[in-house]
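Here's the structure we're looking at; comments come further down.
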There are 2 protein chains.
Amino acid sequence: MTQRRIQILDAAAELIAEKGFIQTSVDDVIARAGLSGKSHFYHYFKSKDALGHEVLARQFDLLGERGLAILSESSLDPIERLQVFIDSVVAMQVERGMKGGSPFGALASDMAEQDEGFRVRIARVFRGWIDEIAGLLSQAEDRLEEGTDPVRLARFIVAALEGATTMARMKRDVSLMHGVASDLKRFLTSHVRGSVTR
Amino acid sequence: MTQRRIQILDAAAELIAEKGFIQTSVDDVIARAGLSGKSHFYHYFKSKDALGHEVLARQFDLLGERGLAILSESSLDPIERLQVFIDSVVAMQVERGMKGGSPFGALASDMAEQDEGFRVRIARVFRGWIDEIAGLLSQAEDRLEEGTDPVRLARFIVAALEGATTMARMKRDVSLMHGVASDLKRFLTSHVRGSVTR
DNA sequence: TGCGGTTTGGACTGACGGGTCCAATATTGA
DNA sequence: TCAATATTGGACCCGTCAGTCCAAACCGCA
């Protein structure tokens, strides 16, 4: 029951990451999940869109968990944690062989165009990450250079990661991903008081 | 003849920017371009994919022109030009009311998934921008901080702009776009010798 | 063994989209 | 003016896909 739902969600997540939402047919999902018969699928999900929304929500949870695990690793100070976090986003993308969807943007960019509900949902996901990172930066606020706005810096970090992932995906270029990430970390430290900017 | 082709290309570019490539049907294009009858369309284009490729190439040319006009504005020094350029990317996105596709990435991210040819083409487009910007940075190499790699910096700039556009589109947030752009300019100047980093 | 319900398979429907075809209409040139 | 050629309109074909429906298989359970 719930078992099966998860099976379907996993299969769908994979396919959506590979081909995009529109390009993924319900039949594809069924095949990948190893069910046969559509009624089976429609027994668990109201519609393809409903599935999409759930995949997105789930993806967010999974990334959130993974991100949170790092972002709350208390043996490191907030700034270091953030750096490890950036590396882990890179690692996730490399893992997928540069093929998979970005953190969420590209994965879901066609979803966003599909209906307004998706767009709002994706926007919320971005917001979630930004908030998490901004929270971490705030923790280290006393170490930040005068006038550094945590939210703004968080936005920049997420934007750069998002863009790097999209570009790396298009160019199938792992080194690009690494390059941007390390520049980003340097950018981050340049906002930290007393650290050597280069 | 060529006139009509351009009409079709313009219509298609609009629609693709709004809805994505897959979501745009040939009938949509025909309606927007004011033709009636499909044969008319197929008289000018071999297939929908062929149209897509041409739109992409054209978009690149148009952006290239616009970008080049700024990037070669000789009354400003290279670094200033680059800053104006960043602003103009922002302006383009704001113009489209945060709806349109990013410089190209999101606009075409579903294209990329559609067929390998698109992906390669989009990758080339990114490369074009990076090369242009890197060239400009090289011109000012003597003013850059020791050890700054123009290509790498150029990649970072393009990635950040790309990501900012995607995020801004999802969140329908103009200020995000501006924020990232100004942070990016600050990042840029931090690589220029003797400039005040903040 | 036989009766209730649930799970499963897969045929089917209807809409939509890409692409073709051909007939009608304009356009050219002699 | 007339025929040959280029342009136009739109009906049509075919494949795909979301979503429905029903019949068969499978389950307890008596």
Side-chain angles (χ1 to χ4, degrees), chain A residues 1-57 108-119 121, chain B residues 1-56 107-119 121:
Chain A
M1 33 197 81
T2 308
Q3 191 59 20
R4 270 290 158 73
R5 273 184 77 84
I6 292 173
Q7 225 172 2
I8 296 173
L9 286 166
D10 284 340
E14 275 177 40
L15 287 163
I16 291 172
E18 285 168 22
K19 310 196 295 182
F21 178 68
I22 301 171
Q23 297 277 81
T24 299
S25 73
V26 173
D27 289 319
D28 289 342
V29 175
I30 287 165
R32 177 78 61 107
L35 331 178
S36 66
K38 274 196 183 171
S39 49
H40 206 159
F41 172 87
Y42 282 96
H43 181 66
Y44 293 107
F45 296 92
K46 207 182 109 277
S47 65
K48 190 192 171 189
D49 276 15
L51 171 71
H53 280 286
E54 244 174 273
V55 166
L56 212 53
S109 73
D110 60 343
M111 282 178 162
E113 244 61 64
Q114 240 241 335
D115 93 33
E116 184 70 6
F118 279 132
R119 211 214 76 228
R121 199 141 196 153
Chain B
M1 29 198 88
T2 308
Q3 190 61 19
R4 270 288 160 75
R5 274 184 77 84
I6 291 173
Q7 225 172 5
I8 295 173
L9 285 167
D10 284 341
E14 276 175 38
L15 286 163
I16 292 172
E18 284 168 22
K19 309 198 293 179
F21 178 68
I22 301 172
Q23 295 277 85
T24 300
S25 73
V26 172
D27 289 320
D28 289 342
V29 174
I30 287 166
R32 177 78 60 107
L35 332 177
S36 67
K38 274 195 185 172
S39 50
H40 204 161
F41 172 87
Y42 282 95
H43 181 66
Y44 292 107
F45 297 91
K46 204 181 113 280
S47 66
K48 191 193 172 190
D49 276 15
L51 171 71
H53 279 286
E54 243 174 276
V55 167
L56 212 54
L107 171 157
S109 72
D110 60 341
M111 281 178 163
E113 244 60 64
Q114 240 242 334
D115 94 33
E116 184 69 7
F118 279 132
R119 212 215 76 228
R121 198 142 198 152

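Both backbone and side-chain heavy atoms feed into the values below; hydrogens, waters and symmetry mates do not.
At whole-Å resolution of the value, CD1 in Ile30(B) and P in dA11(D) are 13 Å apart. In this structure, Phe45(B) atom CZ and dG18(C) atom P are separated by 14 Å, rounded to whole Å. The distance from atom CG of Leu35(B) to atom P of dT8(D) is 9 Å, rounded to the nearest whole Å. Remark: P of dT8(D) and CD of Gln7(B) are 11 Å apart, rounded to the nearest angstrom. Leu15(B) places its CG atom 15 Å from the C1' atom of dG17(C), with the value rounded to the nearest Å. Between the NE2 atom of His43(A) and the C1' atom of dG5(C) there is a distance of 13 Å, given to the nearest Å.
The distance from atom CD1 of Ile22(A) to atom CD1 of Ile22(B), rounded to the nearest 0.5 Å, is 5.0 Å. In this structure, the separation between CD1 on Ile16(B) and CG on Leu56(B) is 8.0 Å, given to the nearest 0.5 Å. Gln7(A) CD to Leu35(A) CG: the interatomic distance, rounded to the nearest 0.5 Å, is 6.5 Å.
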Contact state string [nucleotides 17-24 of chain D, B base, S sugar-phosphate only, - no protein heavy atom under 4.0 Å]: SBBBB---

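The salt bridge (charged side-chain N to carboxylate O under 4.0 Å, His left out) test applied to Asp49(A) returns no partner, not counting sequence neighbours. Taking the salt bridge (charged side-chain N to carboxylate O under 4.0 Å, His left out) definition, one finds that Arg121(A) meets it with nothing, sequence neighbours left out. A search for salt bridge (charged side-chain N to carboxylate O under 4.0 Å, His left out) contacts involving Lys48(A) returns nothing, not counting sequence neighbours.
Two residues are said to be in side-chain contact when any heavy atoms from C-beta on lie closer than 4.5 Å; Lys19(A) and Asp28(A) meet this criterion. Using a 4.5 Å cut-off on side-chain heavy atoms (C-beta onward), Leu9(A) and Leu51(A) make contact.
Between Arg4(B) and dT7(D) there is no side-chain N or O to OP1 or OP2 distance below 4.0 Å.
Relative ring orientation between His53(A) and Phe118(A) is described as parallel, the plane-to-plane angle staying below 30° on a 0-90° scale split at 30° and 60°.
The two residues Arg5(B) and Tyr44(B) make their nearest non-hydrogen contact at NH1-O, 2.7 Å.
For the helix from dG5(C)-dC26(D) to dA30(C)-dT1(D), the rotation axes defined at the first and last 5 base pairs enclose an angle of 10°, given to the nearest 10°.
Under 4.0 Å is where a charged nitrogen must lie from a carboxylate oxygen, and between Glu54(A) and Lys46(A) no such pair does.
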Write down the protein N/O and nucleotide N/O pairs, taken from nucleotides 13-16 of chain D, whose separation is under 3.5 Å; answer none if there are no such pairs.
none

